[in-house]
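First comes the structure, then the notes that go with it.
Each chain gets a letter, A, B and so on, in the order its sequence line appears, and its residues count up from 1. Hydrogens, waters and symmetry mates play no part in the numbers below; they use all other heavy atoms, side chains included.
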Protein chains: 2
Amino acid sequence: MLSDKNVKLEDVAKLAGVSKTTVSRVLNHRGYLSQKTIDKVHEAIDNLNYRPNQIARQLHERKTNLVGLVFPTMNDPFFSQLETKLDSQLYKLGYKTLLGNSQNDPDREQNYLQQLLNHQIDGLIVGSHNKGLTEYNNLNLPIISIERHIADHIPVVASDNYLGGKLATQQLIDDGCKHIIHTNYPELIASTNQLRQNAYVDVMHKNNLPVTIYHIDFDSSLEDKISIIHQLFIEHPEVDGIFADNDTNANLIMQTAKKLGYKIPEDLKIVGFDGSKMVQMFLPELTTIQQSIDQMAEVAVELLEQRIEGNTEVKSVTLPVKLIKGSTA
Amino acid sequence: MLSDKNVKLEDVAKLAGVSKTTVSRVLNHRGYLSQKTIDKVHEAIDNLNYRPNQIARQLHERKTNLVGLVFPTMNDPFFSQLETKLDSQLYKLGYKTLLGNSQNDPDREQNYLQQLLNHQIDGLIVGSHNKGLTEYNNLNLPIISIERHIADHIPVVASDNYLGGKLATQQLIDDGCKHIIHTNYPELIASTNQLRQNAYVDVMHKNNLPVTIYHIDFDSSLEDKISIIHQLFIEHPEVDGIFADNDTNANLIMQTAKKLGYKIPEDLKIVGFDGSKMVQMFLPELTTIQQSIDQMAEVAVELLEQRIEGNTEVKSVTLPVKLIKGSTA
DNA sequence: ATGAAAGCGCTAACAC
DNA sequence: GTGTTAGCGCTTTCAT
């Protein structure tokens, strides 16, 4: 089989004995064409194993059918499920996915952003956790954000995090816990994660229970996370309930607690957050707040499509959460 | 801040009072330029918030700096770690990643392939499990395959799967197991997974032990997988050791076994395969054969780079595996 | 040290 | 029905 490199529309035209325009028309099913011409052109295309050059097309049409995805990492149950679904939904609309995993490094995120823009992407879906990347404000590009407020004009697709936090905390209280600790991000970044914490604080206050929060950075090493969790148990041996802001931390907390001799759920009850398929598979016993991850991806792509189509009235969307009852709380 | 859309090199040239050529030279640090001109141009670029159009550049240079990734899914511990590392390594070399998760659907894989090619990618890294996609044979494009034989001229990066299968089976035998069952893919597809099975069979024969293999399709639903595993226990209640061809199945087997009353490792010993970071985190007790996943990604990108640079002598590479001793075997 | 003009591969007015 | 021609935005000879 011959290579298709360097075979261009002009070559097809020559071989078929027609003009470039005609070939282009056949390719794009446009205008009137005699069947004879169509056949001739197709024959030439097959003979030469011709494949149209998208780059040239894109240059002309100013549309690349490329959508950028900027997330901290793929190697995480939540993000891998989200990105998988995003990719799959984008595919249905004819878009290809250009990856940009920032590892939550602001320099890298900025760099990715620049590069994606240079690639003339048609749209962007972001879910990175970086603080204060002002770049996004100045972009005249359809953007949808997931679980993070970026700028006023950028629609956000997010779970009902406050409700989630409420459900989680209430579950622990209903279980009879008196010393409930919450783990969350280290700072008030622009993430909607903060609402989980707000709900925890509100519910605790309403029940006259003491509020204790530990900060676990999403990006720190496994060792650092575990060390903070250890500290938590040393400083608060009385803890009898923990609401973790994500399932990965809930898992680490469970493992650490077991090592320290806590029985779950007898001595210590745990509620996580996310409810990804992967964690459900590996840790079905975990009681957790399940986000509609697949739906988030679906909605995000829908909204992006609307923005790309020119709709400037695209609104943010909040999606439901539900408590999945396992055996840890 | 003004939008950068539509701002082109020509606009910069006009504002700076120079020619397009000069601006291009400043941009690419080429040729002789007076400092004064350089400054003027930079000023104009900043003022207009100009960003060069990669598409136009690419059209001229016939290089897109895009690498396609074709894998079955990202929502899997092994693949998400692999793709994360691939993306990160490609990034270091200045390549962007174009995603193509085929869900192991041949139509979809073929379609992705076409589309990626149309996007004029510079190279391709594949790890999909589809049988007999002949498309790859005809491509005049640098390709590296991971854990799968595609065509004779395409280099493969793979683990030492035979050794892995040997280590796993031997461990179970050393543990005193007499009825060891192996789970693997349903057919002799072009996957290197088959070598794990071959090793199992060889070691079992050498020890005069009966060979029993169950087939679990990577792509079937969770329910179907679990149902096959149930069947395994019904048909072989005497089983005292299982070598699963991947950790995800090992996990399902463990969960099913526990539900059926087996104590692990007392009644039943289990060895998995893969050893991804995610499974290590969620299931640290699992004894498994660890592949050098990150290294696979590193090597694959290195080989691809060589192929892109024009080296046609690129050889396949086999990477080491090691047994990670948990408490399940 | 800088500019004019051709060309990368394709599409789309505008002819005929 | 089909062809001619002028771009899309950038790089790069070849002049000067």
Side-chain angles (χ1 to χ4, degrees), chain A residues 3-45 48-66 114-115 117-122 140, chain B residues 3-45 48-66 115 117-122:
Chain A
S3 143
D4 43 44
K5 284 272 187 242
N6 311 322
V7 178
K8 46 190 169 188
L9 192 138
E10 195 175 349
D11 301 325
V12 177
K14 251 179 214 148
L15 183 60
V18 299
S19 76
K20 297 198 296 176
T21 315
T22 302
V23 178
S24 175
R25 285 203 180 103
V26 173
L27 246 32
N28 299 291
H29 312 289
R30 261 195 267 284
Y32 295 94
L33 297 162
S34 73
Q35 191 57 47
K36 218 175 99 192
T37 308
I38 295 179
D39 293 343
K40 265 194 311 189
V41 170
H42 275 136
E43 202 186 316
I45 287 176
L48 295 170
N49 194 16
Y50 167 75
R51 204 191 315 281
N53 183 330
Q54 284 293 339
I55 300 294
R57 252 185 205 171
Q58 289 165 8
L59 180 58
H60 186 265
E61 310 191 339
R62 278 81 151 276
K63 181 143 189 343
T64 55
N65 293 316
L66 248 32
Q114 286 299 330
Q115 295 201 38
L117 290 173
N118 291 347
H119 274 287
Q120 309 300 117
I121 52 175
D122 293 340
N140 180 26
Chain B
S3 142
D4 45 43
K5 283 272 190 245
N6 310 322
V7 177
K8 46 189 167 189
L9 192 139
E10 196 176 349
D11 302 325
V12 176
K14 253 179 214 147
L15 182 60
V18 298
S19 76
K20 297 199 296 176
T21 315
T22 302
V23 177
S24 175
R25 285 203 179 104
V26 172
L27 246 33
N28 298 292
H29 312 288
R30 259 194 269 284
Y32 295 95
L33 297 163
S34 72
Q35 191 57 47
K36 217 175 102 191
T37 307
I38 295 179
D39 293 344
K40 265 193 312 189
V41 170
H42 274 137
E43 201 186 317
I45 288 176
L48 295 171
N49 195 17
Y50 167 75
R51 204 189 318 279
N53 183 331
Q54 285 293 338
I55 301 295
R57 253 185 203 171
Q58 289 164 9
L59 180 58
H60 187 264
E61 309 188 341
R62 278 81 151 276
K63 181 143 191 341
T64 55
N65 293 317
L66 249 33
Q115 294 201 39
L117 290 173
N118 291 345
H119 275 286
Q120 309 297 119
I121 52 175
D122 293 339

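- Not a single donor-acceptor pair, N or O on each side, falls under 3.5 Å between the base of C/dA1 and the side chain of B/T37.
- Between B/Y50 atom OH and D/dC10 atom P the separation is 3 Å, expressed in whole Å.
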If you apply the rule side chain to side chain contact (heavy atoms under 4.5 Å, CB included), what do you find for B/R57 with B/N65, and how did you get there? CA-CA 11 Å; B/R57 253 185 203 171; B/N65 293 317; over 6 Å; no
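- Nearest heavy atoms, B/Y50 versus B/V7: CD1-O, 3.5 Å.
- Distance CD (A/Q58) to P (C/dC8): 19 Å, rounded to an integer number of Å.
- Counting distance only, with no hydrogens placed and no angle test, the side-chain atoms of B/R62 and the base atoms of C/dG9 include no donor-acceptor pair under 3.5 Å.
- The nearest whole Å value for the distance from the CZ atom in A/R57 to the P atom in D/dG9 is 18 Å.
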Which is it for A/N118 and A/Q114 under the side chain to side chain donor-acceptor pair (under 3.5 Å) test, yes or no, and what are the steps along the way? CA-CA 6 Å; A/N118 291 347; A/Q114 286 299 330; 5.1 Å; no
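- The nearest whole Å value for the distance from the CG atom in B/L48 to the C1' atom in D/dG9 is 15 Å.
- The distance from atom OG1 of A/T22 to atom NZ of A/K20, rounded to the nearest 0.5 Å, is 11.5 Å.
- Atom-to-atom, CD of A/Q54 to P of C/dC8 comes out at 19 Å; the value is rounded to the nearest Å.
- Between A/K20 and B/G17, it is B/G17 whose nearest contact on DNA chain C lies nearer the 5' terminus.
- In terms of position on DNA chain C, the residue among B/T22 and B/H60 whose nearest nucleotide sits closer to the 5' end is B/T22.
- Of the candidate nucleotides D/dG9, C/dC10, C/dA4, C/dA4 has the atom lying nearest to any side-chain atom of B/S19.
- Taking atom CG on A/N28 and atom P on C/dG9, their separation rounds to 18 Å, with Å as the unit.
- Annotation: of the two residues near DNA chain D, B/R25 and B/I55, the 5′-most nearest-nucleotide partner is B/I55.
- Within the nucleic acid shown, B/T21 comes within 4.0 Å of at least one base atom, counting heavy atoms only.
- When the C1' atom of D/dG1 is taken as reference, atom CZ of A/R30 falls 16 Å away, rounded to whole Å.
- Of the listed residues (A/T37, A/V41, A/V18, A/L33), just one forms a side-chain contact (heavy atoms from CB on, under 4.5 Å) with A/R25, and that residue is A/L33.
- Residue A/L59 is classed as a base contact, given a heavy-atom separation below 4.0 Å to a base.
- When the P atom of D/dT11 is taken as reference, atom CG of A/N118 falls 11 Å away, rounded to whole Å.
- Set against C/dC10, D/dT2, D/dT11, the side chain of B/L9 has D/dT11 as its closest nucleotide.
- The side chain of A/S24 has C/dT11 as its nearest neighbour among D/dC10, D/dG1, C/dT11.
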